[in-house]
2 protein chains.
Amino acid sequence: MVLAMADDVFKALADPTRRRILDELAERDDQTLFEICTRLVTKHGLGLSRQAISQHLAVLESAGLVVSRRQGRYKFHTLKTEPLERIVTRWLRPDTPESTP
Amino acid sequence: MVLAMADDVFKALADPTRRRILDELAERDDQTLFEICTRLVTKHGLGLSRQAISQHLAVLESAGLVVSRRQGRYKFHTLKTEPLERIVTRWLRPDTPESTP
DNA sequence: TTGATAGGCAAGCCGCCACTTGCCTATGGT
DNA sequence: ACCATAGGCAAGTGGCGGCTTGCCTATCAA
């Protein structure tokens, strides 16, 4: 999605599986759906269908946390952290703990 | 709760009403349940029962985002931002965009 | 062209979560 | 003593979200 509201970002982050996907994309970019599937199964040991992951990626993408690039029959996914940086400042405005000189 | 997992924090942030409550507590500390209720109704225009807000506060408290202090028949609620600061660094670790020289 | 790979679409099931409702406890005022 | 206020507890309900299942399209290799 072009315009991702904060609601979408929080909703996307609410699910632990989606956070795992973000973890996976954080340490390796440009992964296809199948790569993400196999990695989630092997490394994190969670058994999910391909469609489940696909739907999770759709949610992450509509939140602006993931962008996808189509190439042939592959679709590569990349993490975007901008939405995160925008939402966290919401309640942290007044003071970082040692910002007062 | 003493030990709040990241899961609890994300789950607490998933609901828009709970984020409104955090907004309210961010701009005014030490509010009672009734104060929060009336403010949410008047300022933000959402009609919710007292119990709904109470349950939301319980979720926020179990996530460590809110602490409560009992005094007489009043219970004052205060925002805590530490859990937020802990969870946001999860995917922002490697680089701020121009950290590479 | 045939088959295999990578992915999409749509309907359906099920559990969780937000919210309500009703009743109960405790503190404060008079 | 009384009543009103501030809040808690517990059961019940409706809807949304995560996951599956089945079938379909598109790309590449032989």
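Here is the naming used below: chain letters follow the sequence lines, and residue numbers restart at 1 for every chain. Values below: every heavy atom of this structure, side chains too, minus hydrogens, waters and symmetry copies.
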Once you round it to whole Å, what is the distance between [atom2] of [N] and [atom1] of [X]?
X	N	atom1	atom2	answer
A/L57	D/dG18	CG	C1'	14 Å
A/L33	C/dG7	CG	C1'	7 Å
B/F10	D/dG17	CZ	P	19 Å
A/L40	D/dC19	CG	C1'	15 Å
A/I53	C/dG8	CD1	P	13 Å
B/R69	D/dA6	CZ	C1'	15 Å

Apply the hydrophobic cluster definition, ILVMFWY joined by side-chain contacts under 4.5 Å directly or through others, and give me every member besides A/V67.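 Joined to A/V67, directly or through intermediates: none.
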
Looking at every non-hydrogen atom in both residues, tell me the closest pair between B/V9 and B/P83 and how far apart they are.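 Nearest pair, atom of B/V9 first, then B/P83: CG2-CB, 3.9 Å.
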
A/R70: what forms a salt bridge (Lys or Arg N to Asp or Glu O under 4.0 Å) with it, not counting sequence neighbours?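 Scan of A/R70 (salt bridge (Lys or Arg N to Asp or Glu O under 4.0 Å), adjacent residues dropped) gives none.
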
Mind checking what makes salt bridge (Lys or Arg N to Asp or Glu O under 4.0 Å) contact with B/R19, not counting sequence neighbours?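 Listed in chain order: A/D7.
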
Side chains of residues 46-58 of chain B: which donor-acceptor partners sit under 3.5 Å, not counting sequence neighbours?
| from | atom 1 | to | atom 2 | distance (Å) |
| --- | --- | --- | --- | --- |
| B/S49 | OG | B/A52 | N | 3.3 |
| B/H56 | ND1 | B/R18 | NH1 | 3.1 |

4.5 Å side-chain heavy-atom contact, [X] and [Y]:
X	Y	result
A/H44	A/R39	no
A/D30	A/H77	no
A/V66	A/I21	no

Look at B/K75 and D/dG8 and indicate whether a side-chain polar atom (N or O) is within less than 4.0 Å of OP1 or OP2.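 For D/dG8, OP1/OP2 do have a side-chain N/O of B/K75 under 4.0 Å.
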
Determine: side-chain N/O of B/T32 to OP1/OP2 of D/dA6, distance under 4.0 Å, yes or no.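 False: B/T32 side-chain N/O out of range (4.0 Å or more) of D/dA6 OP1/OP2.
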
Looking at A/K80 and A/E85, is any side-chain nitrogen of the basic one under 4.0 Å from a carboxylate oxygen of the acidic one?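 Between A/K80 and A/E85 there is no salt bridge, as every charged N stays at least 4.0 Å from the carboxylate O atoms.
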
Between protein and nucleic acid, restricted to nucleotides 16-19 of chain C and to nitrogen or oxygen atoms under 3.5 Å apart, what atom pairs and distances do you find?
| from | atom 1 | to | atom 2 | distance (Å) |
| --- | --- | --- | --- | --- |
| C/dA18 | OP1 | B/R18 | NH1 | 3.4 |
| C/dA18 | OP1 | B/R18 | NH2 | 2.5 |
| C/dC19 | OP2 | B/H56 | NE2 | 2.2 |

Base versus backbone protein contacts along nucleotides 22-28 of chain C [heavy-atom cut-off under 4.0 Å; B, S, -]: B----BS

